[in-house]
Amino acid sequence: MAYQGSLSHIHALIIEDMAVQQTTLRGQLALLGISEVDVAANASDAHRLVKSRRYGLILCDYNLNQQTDGQQLFEHLREQNLLPADCLFFMVTAESGYGSVAAATEHHPDAYLLKPITASDIEDRLKAMLEKRQALLPINSRLAKDDLPGALKAADEVLALRNRWFMQALQIKGQTLLKLGRHEEAKAVYQQALDVRKDLMWARLGLARAHKAAGQFTDALKLAQEIIDSKDGGKMVAAYDVIAESLEATGDPQGALWVLRDASLVVPSSRRHRLVGESAYRNGDLDMARTALTKATKASRGSVVAQPQDTLLLAQTLVDLGESSEAMRVVQDATPAYKNAPNFGTTALAIQAQVEVAAGQVEQAEKTLAKARASLGKGKADFSTVALAKAELQAGNEEAGLALLHSAISADHENLRIKQMISKTLSETGHEDKIEAVIETAAAGMQNMVADARKLLRDSRIDDAVGIIENAVHEYPENTGVLLQAAQIQCMALRLKKTLDAERIDTIRGYLDRLDKLLPGQDRVTMMRRYFRETLGTLQAPEAQRVTS
């Protein structure tokens, strides 16, 4: 049954740079009874409003005549989790080919409207989407509360109705099972959908993702490649991502680079160019890195999606190519926009020191290095630390440079990308013979710490084991390998003590939340969350039994 309710309760946002169009859209919404309407003339204003207010409907023009188009803004808002589940996002465009553009991207708007549009066009789409939202509300309301088991139960209830929303509920169920780390069940759901319609792209992609999440990379590669080779899947960039991530996981970063490059040709966004630039730099393809990062900086300059890392890595690439003057120009041009961004100043100083060393300005380089050291603080597993280490090594400060690289590995000893970048730095500064010593020694130290904690746990010295791992987390708060081990050891401690220790549970949740920020969407984090839920379930069952007996 079509949505019959009033639309007057909806708070809407119009994102449109043309004043005439703003007035037209506001008038069309008024005809539908929607009077509470805000207007943003550009992406920056829209970003500010979305962060401060809750909207039920956003009408966004695709061509904003700014550095950020409507699609880039929409993807940014989705990736930053700034759009609540009950907010409908409609793209307004004069471009008939927009549908293929949206289909190729990671995030799709709820609807797109081709100009010229009428109030009736908006009403029809809005009521259709509200009807869908109402039908799936039992599921989405639980997802909004991060109640994944509850969402699964609600999805099964909708599926049992066998109505027109069956496939949408099945898609949500598959996604939820992946979030829960229940890969085999997710595969079964996606296969169920494919048994009904073998060409369903979301089901084919979900099946590939389920295999990747389960560590079955060969199967994931095969399925994702079949999507790309199919009639309608050549522009499905998410399938390219499955291939690139699988190749990286199996030790083929060079292969991953070429897949990312192909994806950037399909969707030439700043984010896609950034991924190519970063991968190309780590793989030593400086020409490709320069091309991709130049595109990324130009595509995002002055927009809400701009990132200082693009500019800094471009400058470092130019230095490595021997184009020092151009590198410094890039940094200087970006400084007004990024001077307050974390680590921008430190990295810029490290790059400047490298330029001064190359020019033979030894004394000036030492002064610049002193400023960079003072601003860096403790070394992390990031580009800023590696760039400063490179400057130290080039200046002949071998001990300081190696110490920084050692600290970068210790900060995240399982990070394959930081290892790749450190290997590159040591090779380029004439320290190739130290690669194994720097990387393996630091990693071994962290691995031994974790091994000691696990041995104490096996010896039933639970508190001692937890003490060691908590010290490691305190010392290296962004080491994803340590955080994963800490979460697991704390879960094991809960199981061994057989008590629902509220403080320990909060600690584990804190570790997992930190991991979500450091490794968004990463399969290992998903699996650890699953282990945590299973741990709580194991302990809660006897507790509930005691209460009822």
Side-chain angles (χ1 to χ4, degrees), residues 75 78 85 99-112 128-129 131-133 135-136 138-140 142-143 148-149 151-247 249 259 262-263 266-267 521-523 526-527 530:
E75 291 181 11
R78 276 275 185 254
S100 61
V101 172
T105 57
E106 290 88 340
H107 301 290
H108 311 153
D110 295 289
Y112 65 92
M129 289 298 104
E131 181 188 3
K132 176 182 176 181
R133 190 173 74 184
L136 300 176
I139 308 173
N140 290 325
R142 287 167 175 79
L143 288 175
L148 300 184
L152 276 184
K153 182 180 178 182
D156 284 335
E157 291 171 354
V158 174
L159 290 169
L161 299 175
R162 306 293 298 188
N163 59 18
R164 59 187 291 204
W165 309 112
F166 183 87
M167 280 300 185
Q168 285 88 342
L170 203 61
Q171 183 176 10
I172 296 172
K173 182 178 180 179
Q175 294 168 343
T176 304
L177 285 167
L178 280 181
K179 289 179 182 178
L180 286 165
R182 292 159 62 174
H183 310 131
E184 295 305 316
E185 293 173 73
K187 289 180 197 176
V189 165
Y190 291 124
Q191 192 57 59
Q192 181 183 357
L194 291 171
D195 288 342
V196 177
R197 278 185 53 189
K198 65 179 181 180
D199 62 338
L200 277 176
M201 203 59 69
W202 61 261
R204 297 177 69 184
L205 180 62
L207 193 58
R209 284 173 167 163
H211 279 285
K212 180 182 72 70
Q216 298 159 348
F217 299 115
T218 301
D219 291 331
L221 285 165
K222 179 176 180 292
L223 290 166
Q225 190 61 55
E226 287 176 354
I227 291 172
I228 293 171
D229 293 339
S230 67
K231 179 183 176 181
D232 300 319
K235 292 187 176 182
M236 181 68 69
V237 291
Y240 289 84
D241 289 340
V242 171
I243 294 177
E245 291 164 13
S246 297
L247 288 172
V259 173
D262 289 346
V266 176
V267 179
Q522 223 268 359
D523 298 326
T526 299
M527 291 305 295
R530 176 181 177 177

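Every heavy atom of this structure was used, including side-chain atoms; hydrogens, water molecules and symmetry mates were not. Since we're looking at a predicted model, the values are computed, not measured.
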Self-check item: Closest non-hydrogen atom pair, A186 against A210
Solution: CB-CB, 4.4 Å
Quiz prompt | Rounded distance [0.5 Å steps], CG in L207 versus CD in E226 | solution = 9.5 Å
Quiz item: So S230 and M201, side chain to side chain contact (heavy atoms under 4.5 Å, CB included) or not? Walk me through it.
Solution: CA-CA 10 Å; S230 67; M201 203 59 69; 4.1 Å; yes
Quiz item: Salt bridge check: are E75 and R78 linked by an N-O gap of less than 4.0 Å?
Solution: no
Quiz item: Looking just at side-chain N and O atoms, do Q192 and K173 make a donor-acceptor pair shorter than 3.5 Å?
Solution: no
Practice problem: State, to 0.1 Å, how close T526 and G181 come at their nearest heavy-atom pair, and which atoms those are. | Solution: CG2-N, 3.4 Å
Quiz item: Taking atom CG of D199 and atom CG of L194, what is their separation to the nearest 0.5 Å?
Solution: 9.0 Å
Practice problem: Determine yes or no for a side-chain-to-main-chain donor-acceptor pair under 3.5 angstrom, with R197 supplying the side chain and A193 the backbone. | Solution: no
Quiz item: If every non-hydrogen atom of V266 is compared with every non-hydrogen atom of G234, which pair is closest and at what distance?
Solution: CG2-O, 4.0 Å
Self-check item: Intermediate values then yes/no, side chain to side chain contact (heavy atoms under 4.5 Å, CB included), L178 and Y190
Solution: CA-CA 11 Å; L178 280 181; Y190 291 124; 3.8 Å; yes
Quiz prompt | Derivation of the side chain to side chain contact (heavy atoms under 4.5 Å, CB included) call for L180 and E185 | solution = CA-CA 10 Å; L180 286 165; E185 293 173 73; over 6 Å; no
Self-check item: Nearest atoms (heavy-atom pairs only) where A224 meets A208
Solution: N-CB, 4.1 Å
Exercise. Specify the closest pair of heavy atoms between A263 and V237, including all atoms of both residues, with the distance to one decimal.
Key: O-CG1, 3.9 Å
Practice problem: Working to the nearest 0.5 Å, report the span between CG of L221 and CG of L247. | Solution: 5.0 Å
Quiz item: Measuring from E131:CD to L136:CG, what's the distance to the nearest 0.5 Å?
Solution: 10.0 Å
Quiz item: Can you name the nearest heavy-atom pair linking A239 to I227, along with the distance?
Solution: CB-CG2, 4.0 Å
Quiz item: Between atom CD of Q216 and atom OG of S246, what is the distance when rounded to the nearest 0.5 Å?
Solution: 10.5 Å
Exercise. Decide yes or no for M167 and V196: does some side-chain heavy atom of the first lie under 4.5 Å from some side-chain heavy atom of the second?
Key: yes
Practice problem: Determine whether E245 and D523 make a side-chain contact, defined as any pair of heavy atoms from C-beta on separated by less than 4.5 Å. | Solution: no
Exercise. Kindly compute the distance separating CG (N140) from CD (Q168), expressed to the nearest 0.5 Å.
Key: 11.0 Å
Quiz item: Heavy atoms, side chains only, cut-off 4.5 Å: are L143 and I172 in contact?
Solution: yes
Exercise. Please lay out, stage by stage, how R204 and L223 fare under the test side chain to side chain contact (heavy atoms under 4.5 Å, CB included).
Key: CA-CA 7 Å; R204 297 177 69 184; L223 290 166; over 6 Å; no
